[in-house]
Amino acid sequence: MNIDLQRHAPGVARPPVTALRRHRFNLFDGQGPRRRLSACGALAALALAAVAGTAQAQTAAPTDITPASAAQSLSCLQRPERGPEYPRGRPLDRGAGLMRLKLRFDKPDAPPTVEVLANTAREQMQDIVRHYVNGYRLPCLTPQDGAVEAVQEFKFSNSGVEPLPEPLAATAARQRLCVVRPAEDLTLRSFTLGRDLQHVVLALTFSGDGQQPPEPKVLYSNADDFVQQEMLKWIQGYRMPCRQAGDAPQVMRQVLTMHPKGKPRYALQRDTFTLVEFLRMTRKPEALKADFDFNTMHCPFKANYTYYGLSLPSEVSAGRPVDPNRVAFLRWLRERELDLSDLQANDLFGSTLQITVPCGALSLDPADLTRPAAASAPLSRPAEAD
């Protein structure tokens, strides 16, 4: 469970926290053109030489550098001792969730008011976060401070999958994807769901301002008509509040899965594997043919393999920017299919496995009788699905 607390910019979870005011620093130290801060370097010396004989004082606009108070810097923030934890009783649940909240403190002895800036967390995760934030107090807040606002981010994860590399611009763009899902989970009466998990994959296009619902497009569905229509109605509660009128449309993919209450389902005991472990779990590993030199691919590296059952092709990524030396290998990896039954494949729909690719070479030939034997995927079937 990761928590970030900041003053409208990414920071750390515990004090010291970034101050309320943003300070700007001039290149002049207030003594005129004779003295400049060392950051100017040789360019400053050249500028002085160029204006020799025109001794005229230069002054910059004054800047407020008043230190932030204890309340404005959040240094007296009180919060519950025990932080939020991933929902208990779900050791094999790989669901992730994020909540980004804007907190406003108006009174020293009252919890902050909360505005949801982004939310992909399930209802139970949201309840955990709201209960935790309700215990916040800012006892040093005074009338002179006015209202103090802060932004805090909560991330839920029960996965061993590590983030893949990406450029800073891509990270910033992803953080600007301020999707807010409905506060309540979609629930349907169990008799409408049958016995198997039902999946719908949607492309959601957000246009207009932040109050406009998305336009959904069904990319894949194995759901009953009634279930699919209920999912599409629920999606109309999605918003992107950070959007402004005139912003370019944004498209995101959303996978929705309905779990019949009380139905056991298969899940992976873990979601990180070596390359050899992964290949042993695929169909007919003894028939694989490959010849790859990972030493030419900036090894070692990690690749995410997202499985969409038997109806959609899997997805493979090793992060961005795409390394052209890895393209052929990643395409080959994408073509591999897990050796699962139809039921297992449907239960694992949308699961992501992370594969560690070592340095060295991979040489596989069906005629090689010394290759490792196949192995079953490490699956568990919990007693009940939520």
Side-chain angles (χ1 to χ4, degrees), residues 1-31 37 39 59-85 97-121 125-156 168 171-172 174-181 183 209-211 239-245 247:
M1 174 69 197
N2 299 323
I3 307 173
D4 295 322
L5 180 63
Q6 68 271 349
R7 293 290 310 121
H8 299 293
V12 296
R14 297 289 179 181
V17 182
T18 308
L20 175 69
R21 293 182 174 86
R22 294 180 179 177
H23 302 293
R24 293 178 294 175
F25 297 92
N26 300 322
L27 291 180
F28 294 99
D29 65 355
Q31 300 299 322
L37 297 183
T59 58
T63 303
D64 182 7
I65 58 171
T66 305
S69 69
Q72 292 166 345
S73 63
L74 302 178
S75 60
C76 69
L77 178 65
Q78 296 178 352
R79 63 184 105 189
E81 249 182 66
R82 188 169 183 175
E85 297 178 351
L98 175 144
M99 289 192 76
R100 186 181 302 128
L101 307 178
K102 183 178 180 180
L103 310 175
R104 177 187 172 100
F105 294 88
D106 292 293
K107 299 178 181 179
D109 56 351
T113 56
V114 176
E115 177 186 349
V116 179
L117 302 179
N119 175 35
T120 62
M125 296 176 180
Q126 297 177 53
D127 293 342
I128 292 172
V129 169
R130 291 182 182 278
H131 178 76
Y132 177 71
V133 170
N134 194 57
Y136 282 16
R137 298 294 184 273
L138 201 61
C140 59
L141 183 66
T142 66
Q144 289 74 26
D145 294 318
V148 173
E149 295 181 343
V151 172
Q152 184 164 19
E153 197 169 272
F154 298 85
K155 296 178 182 178
F156 289 88
L168 292 177
T171 302
R174 181 165 44 81
Q175 291 175 342
R176 288 195 299 270
L177 198 65
C178 58
V179 177
V180 176
R181 52 147 277 175
D209 62 24
Q211 299 307 311
R239 295 292 185 272
M240 286 188 68
C242 62
R243 286 186 56 84
Q244 301 292 326
D247 286 352

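Looking at residues two or more places apart in sequence or on another chain, you find a salt bridge (Lys or Arg N to Asp or Glu O under 4.0 Å) between Asp106 and Arg104. Not a single side-chain hydrogen bond (donor to acceptor under 3.5 Å, both in side chains) links Asp127 to another residue, sequence neighbours left out. Scanning for salt bridge (Lys or Arg N to Asp or Glu O under 4.0 Å) contacts around Arg243 gives an empty result, with sequence neighbours left out.
The NZ atom of Lys107 sits 14.0 Å away from atom CG of Leu138, with the distance rounded to the nearest 0.5 Å. To the nearest 0.5 angstrom, Cys140 atom SG is 9.0 Å from Leu77 atom CG. Put simply, CZ on Arg137 and CG on Asn134 are 6.5 Å apart, with the number rounded to the nearest 0.5 Å. A distance of 12.5 Å separates CZ in Phe154 from CD in Gln126, rounded to the nearest 0.5 Å. Atom CZ of Arg100 sits about 8.0 Å away from atom NZ of Lys155, to the nearest 0.5 Å.
Of all non-hydrogen atoms in Leu141 and Gly146, the two that sit nearest each other are CD1-O, 3.4 Å. Smallest separation of non-hydrogen atoms from Pro241 and Cys178: CD-O, 3.2 Å.
A 4.5 Å side-chain heavy-atom check between Leu117 and Leu101 finds every atom pair outside the cut-off. Side-chain contact between Tyr136 and Pro80: present, with at least one pair of heavy atoms (C-beta onward) separated by less than 4.5 Å. At a threshold of 4.5 Å between non-hydrogen side-chain atoms, the residues Asn119 and Leu98 do not count as touching. Leu177 places a side-chain heavy atom less than 4.5 Å from the side chain of Met240. A heavy-atom distance below 4.5 Å is not found between the side chains of Met99 and Ile128.
Using modelled atom types, one finds no donor on one side chain facing an acceptor on the other under 3.5 Å when comparing Gln152 with Tyr132.
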